[in-house]
Number of protein chains: 2
Amino acid sequence: MFNEEDKSYPIELVAEFLGVNSRTLYYYEKFMLVCPMRRGRKRYYSKADIEWLEFVREMMYEQGMNLRSIIVLIRRRDDVVLNKCPQDVVDCYKNYLVRVRNFGE
Amino acid sequence: MFNEEDKSYPIELVAEFLGVNSRTLYYYEKFMLVCPMRRGRKRYYSKADIEWLEFVREMMYEQGMNLRSIIVLIRRRDDVVLNKCPQDVVDCYKNYLVRVRNFGE
DNA sequence: AAAGATTTTCACTTAAAGTGAAAAATTAAT
DNA sequence: ATTAATTTTTCACTTTAAGTGAAAATCTTT
């Protein structure tokens with residue numbers, strides 16, 4: 001499922017697959033944790049988006065991490081997270097690089 | 001303040017310095033986020049403990065991270081965190097190394 | 001224009017993080 | 001050793017982030 005590189009899927013299908021409410025995906029979008037492609041207002045989630053969201057769920061559910069921590073790791077260019085995070089999401093946090101550099105001082 | 005390498009300080013003083021309730025420090029201890037030295041039941045926080053706790057507060061308050069995420073980063077031997085984390089706290093999570101190795105698979 | 005789907009808004013639930021207060025136990029002082 | 005002062009522990013409460021339900025608003029499509 002969701003194996004086709006070039007296909008994209010509507011929010012309700014993705015939410016069901018991940019076992020969350022579609023509202024949760026809208027919620028993540030407010031934090032720029034995911035940026036699904038759009039045609040008009042309608043969202044289309046790519047394979048990469050879905051794999052990333054699966055990883056986000058694992059960090060949050062299995063590991064007990066929170067949203068902000070995931071964002072902090074994106075900003076810090078953390079290896080483990082960056083490995084799975086779609087480029088456009090990483091790019092959303094480009095302007096935060098300065099803050100990351102000063103992290104902890 | 002708290003500049004002397006070999007001195008140690010009672011919980012109430014440390015809590016006040018950090019701007020938290022002393023109950024918060026007991027709470028952190030339940031999660032093994034800090035292991036103050038003890039003489040009998042009384043806790044004594046070292047300079048290293050206090051600097052670590054300051055960093056923990058920064059991660060949680062400034063960055064919005066949660067407790068579990070900090071623990072995940074200790075387990076993962078994250079550079080930024082390990083740099084500030086006292087060895088005895090790191091050691092508390094030694095037995096979790098295997099899980100870290102399998103992280104994300 | 002009507003039916004069906006998607007998005008948006010409002011308000012609610014849940015769980016983690018943190019705290020207040022008082023009882024119990026220790027430590028320190030006389 | 002007995003009392004006074006601290007510290008620890010327990011219970012229950014508050015606050016906030018994360019997540020959700022339901023309905024209204026906005027498309028889409030036929």
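Lettering of chains follows the sequences in order, A, B, ..., and the numbering in each one begins at 1. Scope of the values below: all heavy atoms of this structure, side chains included, with no hydrogens, waters or symmetry mates. Worth saying up front: this structure is predicted, and the values here are computed from it rather than measured.
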How many whole angstroms separate atom [atom1] of [X] from atom [atom2] of [N]?
{"X": "Lys30(A)", "N": "dC10(C)", "atom1": "NZ", "atom2": "P", "answer": "11 Å"}
{"X": "Ile11(A)", "N": "dC27(D)", "atom1": "CD1", "atom2": "P", "answer": "16 Å"}
{"X": "Met65(B)", "N": "dA18(D)", "atom1": "CE", "atom2": "P", "answer": "12 Å"}
{"X": "Glu29(B)", "N": "dT7(D)", "atom1": "CD", "atom2": "C1'", "answer": "12 Å"}
{"X": "Gln63(B)", "N": "dA17(D)", "atom1": "CD", "atom2": "C1'", "answer": "17 Å"}
{"X": "Leu33(A)", "N": "dA18(D)", "atom1": "CG", "atom2": "C1'", "answer": "12 Å"}
{"X": "Leu25(B)", "N": "dT7(D)", "atom1": "CG", "atom2": "C1'", "answer": "13 Å"}
{"X": "Tyr44(B)", "N": "dT6(D)", "atom1": "OH", "atom2": "C1'", "answer": "10 Å"}

First of Arg39(B) and Asn66(B) reached from the 5' end of DNA chain C, by closest nucleotide:
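The residue mapped nearer the 5' terminus is Asn66(B).
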On the 0 to 90° scale, with breaks at 30° and 60°, tag the Trp52(A)-Phe55(A) ring pair as parallel, tilted or perpendicular.
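Ring orientation, 0 to 90° scale: tilted.
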Qualifying residues under side-chain hydrogen bond (donor to acceptor under 3.5 Å, both in side chains), relative to Ser46(B), sequence neighbours excluded
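side-chain hydrogen bond (donor to acceptor under 3.5 Å, both in side chains) list for Ser46(B), sorted by chain: Asp49(B).
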Taking side chain as C-beta onward, heavy atoms only, is Ile11(B) less than 4.5 Å from Tyr26(B)?
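Yes, close enough: below the 4.5 Å cut-off.
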Answer yes or no: is there a donor N or O on one side and an acceptor on the other, between the side chain of Asn66(B) and the main chain of Gly64(A), under 3.5 Å?
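Checking the backbone N and O of Gly64(A) against the side chain of Asn66(B), a donor-acceptor pair under 3.5 Å is found.
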Closer to the 5' end of DNA chain D via nearest nucleotide, is it Gly64(B) or Arg38(B)?
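By nearest-heavy-atom nucleotide position, the 5'-most residue is Arg38(B).
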Under 3.5 Å between N/O atoms: give me all the protein pairs with nucleotides 18-20 of chain C, atom names plus distance.
residue	atom	partner	partner atom	Å
dG18(C)	OP1	Arg57(B)	NH1	3.2
dG18(C)	OP2	Tyr28(B)	OH	3.1
dT19(C)	OP2	Asn21(B)	N	3.2
dT19(C)	OP2	Thr24(B)	OG1	2.2
dT19(C)	O4	Arg23(B)	NH2	3.2
dG20(C)	OP2	Asn21(B)	ND2	2.8
dG20(C)	O6	Arg23(B)	NE	3.2

Does Asp79(A) pair with Lys84(A) as a salt bridge, N-O distance under 4.0 Å?
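Looking at Lys84(A) together with Asp79(A), the answer is no, because their closest N to O distance does not fall below 4.0 Å.
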Ion pair present between Arg43(A) and Glu29(A), side-chain N to carboxylate O less than 4.0 angstrom?
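Looking at Glu29(A) together with Arg43(A), the answer is yes, because their closest N to O distance falls below 4.0 Å.
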Measuring to OP1 and OP2 of dT26(C), would you say a side-chain N or O of Lys42(B) lies under 4.0 angstrom away?
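False: Lys42(B) side-chain N/O out of range (4.0 Å or more) of dT26(C) OP1/OP2.
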Nearest heavy-atom neighbours spanning Arg38(A) and Arg41(A)
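Reported closest heavy-atom pair: NH2-O, 3.0 Å.
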Quick check for you: among dT7(C), dA18(D), dA25(C), whose closest atom lies nearest to any side-chain atom of Arg41(A)?
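Taking heavy atoms from C-beta onward, the closest nucleotide is dT7(C).
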Just call it for Gly40(A): base, sugar-phosphate, or nothing, with non-hydrogen atoms closer than 4.0 Å on any strand.
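Sugar-phosphate only.
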